[in-house]
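Encoded as structure tokens, the structure appears first; notes follow it.
Convention: sequence-line order gives letters A, B, ...; per-chain numbering from 1.
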Amino acid sequence: MSSSDVRAILDLPHASSSSAAAGPSRKASQQIKRPEGISREVFALMGNNAASIMPSYPSAARYKARPVPSSQKTRWEWSAFNPMPSEERPQVLHHWRKSVGGDPAPPREEYFATFNSSGPSVMQFSQMEYDQHLKDSDWTQQETSYLFALLQEYDLRFVVAADRYAYTDTSVPGATKRRTVEEIKDRYYTICRRLIRTRTALDPQAQQQLLQAYTFDKCNAADTTARETKRKQYASELFHLTAAEIAEEESLYLEVKRIEQNEKRYRADRDALLRSVMGLDSGVVNLDQANSEGVVGDIIDAGVWTQADDQNKKRKRLEEETNATPSTVSASTMPKKARESAAFDVAHCIHRSAAASESTYALGRHPAHVPAFLRSSKIPIPKQNASIRITELLSELGISAHRLVMPTRENIEIFDSLLAAAGGLIDMKRQVDRVEQEVRTLKAQLPGYIPPVAGRVSRIIAGSSRSGC
Amino acid sequence: MVYNGDEVSALVVDFGSYTTRAGYAGEDCPRVVCPSFYGYTEQGESSANGHANGGGDEEDVNMDGGGTNGVGGKKGRKYYVGDDGVGVWRAGMEVGNFMQDGIVNEPEPASQLLHHILHNRLSVDPKEHPLMITEPAWNTPKAREMIAQMAFEGEEVPAMYFGSAGVLSAFAAGKPTALVLDVGYANSSAIPVVDGYALRAGTMRQPLAGQLLTSQIHSNFTHSTSSRPFPLSLLPRHLIAKREPSPLDSTEMRQPKPVLRDDRLGSTTASWRSWGENSVVEAWKEACAEVVNVRGYDLASATSLPVVNYELPDGYSKAWGEERYRFSEMLFDPKNYFDQSIEPPASLRLAQSSDHSHSLKDLVSLSQLVHDSIMSCDVDVRAALLQNIVVVGNGAGIKGLTERLDMELARLMPSQKIKIHSPTVPFEKRYAGWLGGSILASLGSFHQLWVTKDEYEEHGPQIIHQRCK
């Protein structure tokens with residue numbers, strides 16, 4: 001409640017300017033003016049919100065105004081007009097016009113001129129521009145001017161312009177020359193592009209856009225790859241398909257769609273499987289069709305890696321050596337492409353993964369997709385049955401079986417052969433131990449001879465023969 | 001605007017090979033439809049015989065200048081034009097047609113007819129009304145200049161314009177782009193219209209239309225056939241005094257024996273007789289002729305098609321069966337159903353074979369005509385044309401023609417979407433050209449195109465060729 005309200009309640013006159021001088025501007029800005037017709041108390045209840053509904057008084061309802069008849073008379077008169085006000089011609093057409101108040105209707109010839117709309121504007125060129133940029137061996141300047149006049153006349157309707165095209169060359173009397181739609185379009189658009197390029201533009205981007213818009217690819221006799229003529233040729237061929245051809249085309253189209261759909265489904269299934277089996281290692285993240293083919297081979301490849309036997313490794317190594325020295329005999333017999341790639345590999349120190357060139361059954365059918373990996377993650381681990389003893393053996397030698405400090409290719413190979421040698425050694429040792437045990441047992445039995453059981457003898461023989469190998 | 005201020009009360013005159021249509025622009029139907037045939041007598045004898053035989057009233061016939069503009073031996077020739085011209089029997093009156101190949105060929109009777117239409121039928125003062133004239137797409141500059149001279153100098157119209165009939169028919173159907181198939185009297189023509197311009201390259205025409213059909217039927221009727229042992233007389237009503245009523249239920253074939261007007265027979269000319277007989281055939285054709293719309297015509301299936309009772313003026317009455325279908329089949333199979341041995345009308349024999357027209361020797365079916373017309377247009381507009389085929393002309397009124405055309409076109413181009421539009425109201429079909437002219441001449445946006453009289457006087461006929469493109 002403000003002081004003005006108190007004054008209003010007490011029926012006091014408004015405060016003098018001295019008391020309100022403290023902040024008239026603040027008050028004026030904060031206080032919303034109380035609208036007429038709302039009592040002060042009601043307005044105070046509304047708080048800061050202004051009234052959204054104004055009171056309406058039924059007494060204020062107004063009736064539709066009574067039409068006031070005009071004192072002026074209206075009549076129709078037959079008036080002449082000229083349909084083309086731009087030209088100084090006598091008025092030849094007549095129509096009925098409404099005139100008000102006895103005066104003759106003012107001429108309203110501009111009315112019909114509003115219908116005088118023109119089509120898209122045709123580009124114009126000057127003589128200098130023609131001499132500098134627009135010369136063409138196939139078109140004389142007269143013919144170019146004729147073309148532009150024709151296009152102007154038919155509002156750039158190329159089909160109609162080509163239909164009406166009949167240029168009479170002054171040098172060849174009597175003969176009229178016809179042009180195809182493509183020739184006309186080509187000439188016009190070429191001129192437009194040249195003009196746009198040569199004229200200085202305010203907005204280079206707009207200029208580029210214009211150039212784009214005027215691109216036209218026509219075929220001349222030599223260049224059969226041009227699009228426009230080709231397109232029309234194809235389109236016109238389509239007009240004379242027989243019913244059988246249409247049916248065949250439709251069935252083929254359906255077939256293609258079906259195959260595509262199946263393909264998509266298979267690929268999705270395979271990718272899902274691959275991801276669930278191999279995780280990120282599979283390299284299948286967002287696989288597209290191009291590199292998805294070899295994934296199956298990759299799985300096998302990954303399996304092969306850990307269980308690789310000596311034979312395989314030897315062969316791999318051999319291949320790598322031949323790859324590394326392409327000047328050997330095999331180089332000359334290799335196909336040119338393979339030779340080139342080998343030379344390229346040498347030059348750039350690329351070593352093909354052995355698995356990539358591996359021709360197992362699966363790999364031969366699927367070009368391998370090998371995801372990138374760290375070599376250290378592919379360090380061979382010892383065979384399962386002998387792993388503990390190999391580890392022990394290696395630790396005796398002071399070598400960690402699980403950590404290779406420098407997992408270079410050579411080191412891994414050496415490490416691999418070391419593991420193999422250790423495995424062989426342990427095997428050998430186990431055999432030796434067993435044979436020694438047999439010998440010891442037999443020697444112990446020798447004083448009090450007990451004839452051996454048949455199965456036992458065979459085992460001894462087998463064991464000795466194996467040790468002999 | 002209360003009143004259509006675009007209205008300039010133009011007149012539209014559509015010269016056709018069989019009838020000439022005229023009326024006010026903005027209306028939906030021509031006020032005057034009268035034959036394009038005219039009768040003429042040599043001046044000397046007409047005054048004696050014409051009145052003696054009570055040939056009918058000659059008030060409407062313009063006698064002024066009948067011989068002044070005549071060429072050579074036509075001096076003193078008196079013309080009878082309009083409905084009361086050729087349709088009234090006069091002693092010694094010959095019949096002619098001022099149209100040749102759809103083009104106004106003879107200036108004298110044409111100007112007489114124009115005068116008759118404007119002054120006697122429409123009762124207007126041609127000085128107040130601009131005149132829109134329709135012309136075929138293949139109109140010659142000579143014919144144009146002749147009509148312009150007729151209108152500007154003969155009738156003193158304030159302004160005129162030539163509208164191409166094909167374009168106007170397309171406008172009447174509400175289409176700026178359409179292929180208009182006009183099956184008329186002398187010609188059937190296919191005119192591709194693109195954006196309101198008739199393409200000259202695709203315009204095709206041939207004399208396979210109403211007149212040829214009539215002559216074939218006429219020849220068949222006036223010769224005895226296997227099913228009808230006597231020839232039909234085909235006498236028009238003018239020459240018959242009295243005939244016996246024919247019992248409806250009688251199945252036996254009997255030759256009618258009407259009482260002839262012997263007073264007229266003697267002085268009837270051969271050309272008028274021929275015109276009268278052809279009119280009888282025309283009436284029969286209009287009432288009875290149909291096109292087999294599902295499959296082609298063959299005698300076995302045609303006998304099972306519905307029959308129609310029709311009585312010729314001489315009293316010959318019959319339930320017409322396969323004749324209704326046999327002759328009109330010619331429109332779609334001229335190879336098998338156009339009888340070359342029957343003498344065709346003389347005016348049709350003048351038709352030349354060219355890129356845009358066929359002579360009587362190499363007629364093609366209507367569907368082939370449409371096909372050829374579309375195929376000679378640019379590839380890009382073909383689809384639009386195929387989907388906007390407009391069939392107009394009196395021949396389009398033959399029942400089943402549109403359906404048959406649709407079927408034949410689908411057979412020719414199975415891969416394309418084809419849509420045929422034909423007005424359902426008969427007079428819109430027949431007078432489509434006039435209707436389009438009526439629409440065009442009443443548009444406010446059209447008035448700049450009128451060729452005014454003073455322009456014509458200033459520039460000569462050249463202005464017409466320039467403006468009406």
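Contact count against chain A (heavy-atom pairs under 4.5 Å) is highest for A198(B) among A159(B), A198(B), G202(B). Of the residues considered (M413(B), M375(B), K453(B), E128(B)), M375(B) shows the highest number of contacts with chain A, using heavy-atom pairs under 4.5 Å. Between chain B and the options V160(A), L238(A), T180(A), T242(A), heavy-atom pairs under 4.5 Å are most frequent for V160(A).
Listed in order of number, the residues of residues 137-145 of chain B that approach chain A to under 4.5 Å between heavy atoms amount to none.
Heavy atoms from other residues, nucleotides or ligands lying under 6.0 Å from CD of Q352(B) number 12 at most. At most 12 heavy atoms of other shown residues, nucleotides or ligands fall within 6.0 angstrom of atom CD in E248(A). Annotation: Q462(B), atom CD; neighbour count of heavy atoms from other residues, nucleotides and ligands within 6.0 Å does not exceed 12. The number of heavy-atom neighbours closer than 6.0 Å to CD of Q261(A), taken from other residues, nucleotides and ligands shown, is 12 or below.
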Derivation and outcome, side-chain contact (heavy atoms from CB on, under 4.5 Å), residues R382(B) and S236(A): CA-CA 9 Å; R382(B) 284 183 198 166; S236(A) 71; 3.5 Å; yes
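Inter-residue side-chain proximity for L93(A) and H447(B) is flagged as met; some heavy-atom pair is nearer than 4.5 Å.
In this structure, chain A has a heavy atom under 4.5 Å from the side chain of L386(B), while its backbone stays farther away. Interface residue A201(B): backbone and side-chain heavy atoms are both found under 4.5 Å from chain A. Of the atoms belonging to Q448(B), heavy atoms from both backbone and side chain fall under 4.5 Å from chain A. For a residue to count as touching a neighbouring chain, one of its non-hydrogen atoms must lie under 4.5 Å from one of that chain's; by this rule Q233(A) does not touch chain B.
A donor-acceptor contact shorter than 3.5 Å is absent between the side chain of S415(B) and the backbone of I246(A).
Note that CZ of F158(A) and CG of D378(B) are 11.5 Å apart. Values are rounded to the nearest 0.5 Å. Going from atom CZ of R231(A) over to atom CG of D380(B) covers 4.5 Å, rounded to the nearest 0.5 Å.
Nearest heavy atoms, P414(B) versus A243(A): CG-N, 3.8 Å.
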